[in-house]
Protein chains: 2
Amino acid sequence: MTEEPTITTIAQHAGVSIASVSRVLNGLPTKAETERKVMSAARELGYVPNSAARSLKSRRSNQIGFAMADIGNPVYLAMIREIQPIFKAAGYRLVLHSTDADTADEIDVLRGLGERYIDGLIMIPLRLTGEHLTMFAAARAPIVVIGSVPEDAPVDNVRTDSRAGVRLAVEHLHGLGRRRIGFVNGPLDTVPGAARSAAYAEALAALGLPYDPGLTQVGDFYRAEGARAAARLLDRVPDLDALLCANDLIAFGALDVLRRAGRRVPQDVAVAGMDDTDLATLAWPPLTSVSLGSAERGRAAAELLLDKLENTRRAPRVVTVEPRLVVRASTDPSRIPGEEAP
Amino acid sequence: MTEEPTITTIAQHAGVSIASVSRVLNGLPTKAETERKVMSAARELGYVPNSAARSLKSRRSNQIGFAMADIGNPVYLAMIREIQPIFKAAGYRLVLHSTDADTADEIDVLRGLGERYIDGLIMIPLRLTGEHLTMFAAARAPIVVIGSVPEDAPVDNVRTDSRAGVRLAVEHLHGLGRRRIGFVNGPLDTVPGAARSAAYAEALAALGLPYDPGLTQVGDFYRAEGARAAARLLDRVPDLDALLCANDLIAFGALDVLRRAGRRVPQDVAVAGMDDTDLATLAWPPLTSVSLGSAERGRAAAELLLDKLENTRRAPRVVTVEPRLVVRASTDPSRIPGEEAP
DNA sequence: AGGCGTTCTGTAAACGTTTACAACGGCGCC
DNA sequence: GGCGCCGTTGTAAACGTTTACAGAACGCCT
């Protein structure tokens, strides 16, 4: 008990060679008698295979990595909830990396692929630098990127059409008669920030609304800063009648601010978020939000990666998830819960 | 580029032995000239050390495990947010295990300690079986359990005084004049379920209130089932004026049901949760909740484990986090946001 | 100049597996 | 009875590190 048992220990106890032990443990054909001896010795000694030795020899770690900006964001959480069971079922462990959206950190994770402690990686970079692309090209293990990536990048890619998503929301608000539609965005140097900013301007144009830069306020992607950004916007444009937020967390901050300012939602200001997180139905009023299919994207990423692990040489693939508008009471007063007709 | 470079490759390129390469890479004293040659060869070849080989030799994986029932629960999330950066700073990666509160699964994770792919484990078992205790005793690597564990178990333990927490909540509701205080609990065969059930009865007794078993309803620890359980309770006891929920998720479900039933919160029914998750301030009305110090518990667990990793022989320790009642509008109408005096 | 100590380097073994290859025994067949 | 074949087993090498140990180079002192 004091020494950790290895296949050598088992071999001695069972009176066979280590090769036989290994064969039995891996289910290769063996004489019943040998198998019996080995199995009983293994059980008796409480043998557990050493994963480092196994990895060293087999060149597989049975681990996959998931790198995101911040595990506190419910979007990533929704993805993990899909990804985790898929890999667990396939015999992989999940190694988590929370990078704080720090590029250097993300590059470190990519370098980690070279250490071979993970067999593959799902990554969600908020910013995409040349260094990322270089590392993608040099990577020794398959990578799936969630979020848009150049066409020729040698990685699988799961994306969502956030352009279409923003359009859905803007059209919805416009359809409700709102004309002063503010936009609270995250940093413009992030992939989603940039995409949503462009999409917002486009959507307004398509509806024949003027694009007023003063209607946009940039902050970050969290609730507290979302509240501050919304407050600034509200100060500057007191007569806005709708607020589109680049994600749900920002929208929650905006709801806090509007409530404190005594604006009724949705009567005075309609509010819409993006991501359609679980939390949207918890907020008051329940939040209209553009679903970007977080769960689907997580599942798609996991499946792409699993497939690529088995089928190493296949060409990179792109999966696109369609956005979908989920209307709730924060834009549509007829949906306020507890006030429905019976 | 086609062959993964190893220290052998580097040694050839630099014209030194593999021992020298290893020494340079590990910062052991070397002649400046050698160091220069090795470093430049390593950089040129894009060398990355192989973690399996390193682990095999050093007997450390630089990974730690975190096992919880379900990563979707915001309590565990709050813990991870504390734990992740602590271990990252100390050079460890975090391996996630979501066990669905399945005992067999948890035992598997414990067995994993023997595979040595993690150097230590933080675990939150919802149920604690004899098998758990056996595995704790046999474990080759340090374990920290969050949640109560027998005094003599050979593991570090971070607990919270949920008894005191329940008492705080019941006293608060009683102080508001509520006398028909319902209790929506999770399964009684779980550690927290059992503790909270006993504490609820005790707290009532201490206040001289009768204990009416009909005021208790058992479900699970999630929102949907929380809603169903609350609905059943409400059907059975239409005149209850307060509802204590064994965690916040249950409370959110209860809020849904009460709203649909046309009961005003807090005027008709005061609602309190436990865990004081982030989401409590998102709900409507904002949820009064007993903070069980999730973040503190996470941090404490991480620190205990790190300490134990450095100081292997020290005796098991117990850290207790005190609960704290956070009063919000779901029990106290004077706190409804947007209605404060200026 | 010889001996000694210091500093650095190389050789080789070890960590615990998997697996190519050879050896072995038993069996059927001619 | 010898041959070949098959199924099973053992030996040994390999995976990429770290590290104990011995040896080499060098400067310094007497």
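Remember, it's a predicted structure, so these values are computed and weren't measured experimentally. Quick note: numbers below take in every heavy atom, side chains included, and nothing from hydrogens, waters or symmetry partners. Order of the sequence lines sets the chain letters (A, B, ...), proteins ahead of strands, with each chain counted from 1.
Regarding contacts with the backbone of D/dT18, a side-chain N or O of B/Ser22 is found under 4.0 angstrom from either OP1 or OP2. Phosphate contact (OP1/OP2 of D/dT8, side-chain N/O of A/Thr30, threshold under 4.0 Å): absent. Listed pair A/Ser20 / D/dG10 meets the phosphate criterion, a side-chain N or O lying under 4.0 Å from OP1 or OP2. Distances shown here put every side-chain N or O of A/Ser17 at or beyond 4.0 Å from the OP1 or OP2 atom of D/dT9. Remark: B/Arg54 is in phosphate contact with D/dT18, judged by side-chain N or O atoms under 4.0 Å from OP1 or OP2. Within the structure, every side-chain polar atom (N or O) of A/Thr6 is placed at least 4.0 Å from both OP1 and OP2 of C/dG16. At least one side-chain nitrogen or oxygen of A/Tyr47 sits closer than 4.0 Å to the OP1 or OP2 atom of C/dT17.
Nucleotide C/dA13 holds its P atom 16 Å from the CD1 atom of B/Ile7, rounded to whole Å. In this structure, the CZ atom of B/Arg116 is 10 Å from the P atom of C/dG16, given to the nearest Å. When the P atom of C/dG16 is taken as reference, atom CG of A/Asn50 falls 7 Å away, rounded to whole Å. A straight line from NZ of A/Lys37 to P of D/dT9 spans 8 Å, rounded to a whole angstrom.
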B/Arg314/B/Asp156 under salt bridge (charged side-chain N to carboxylate O under 4.0 Å, His left out): CA gap, chis, key distance, verdict: CA-CA 10 Å; B/Arg314 70 132 231 268; B/Asp156 287 339; 2.3 Å; yes
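B/Arg36 has a carboxylate O that lies under 4.0 Å from a charged side-chain N of B/Glu33, or vice versa, which qualifies the two as a salt bridge.
Here the options are B/Asp189, B/Asp102, B/Thr103, the test is side-chain hydrogen bond (donor to acceptor under 3.5 Å, both in side chains), and the partner is B/Arg127; only B/Asp189 passes.
Between the side chains of B/Tyr222 and B/Asn73, no donor-acceptor pair is found at a separation under 3.5 Å.
Nucleic acid contact class of B/Arg23 (heavy atoms, under 4.0 Å, all strands): base.
For A/Ala52 and B/Ile18, each mapped to the nucleotide of DNA chain C holding its nearest heavy atom, the one lying further toward the 5' end belongs to B/Ile18. Each of B/Ala53 and B/Lys31 lies near DNA chain C, and the nucleotide nearest B/Lys31 is the one positioned closer to the 5' end.
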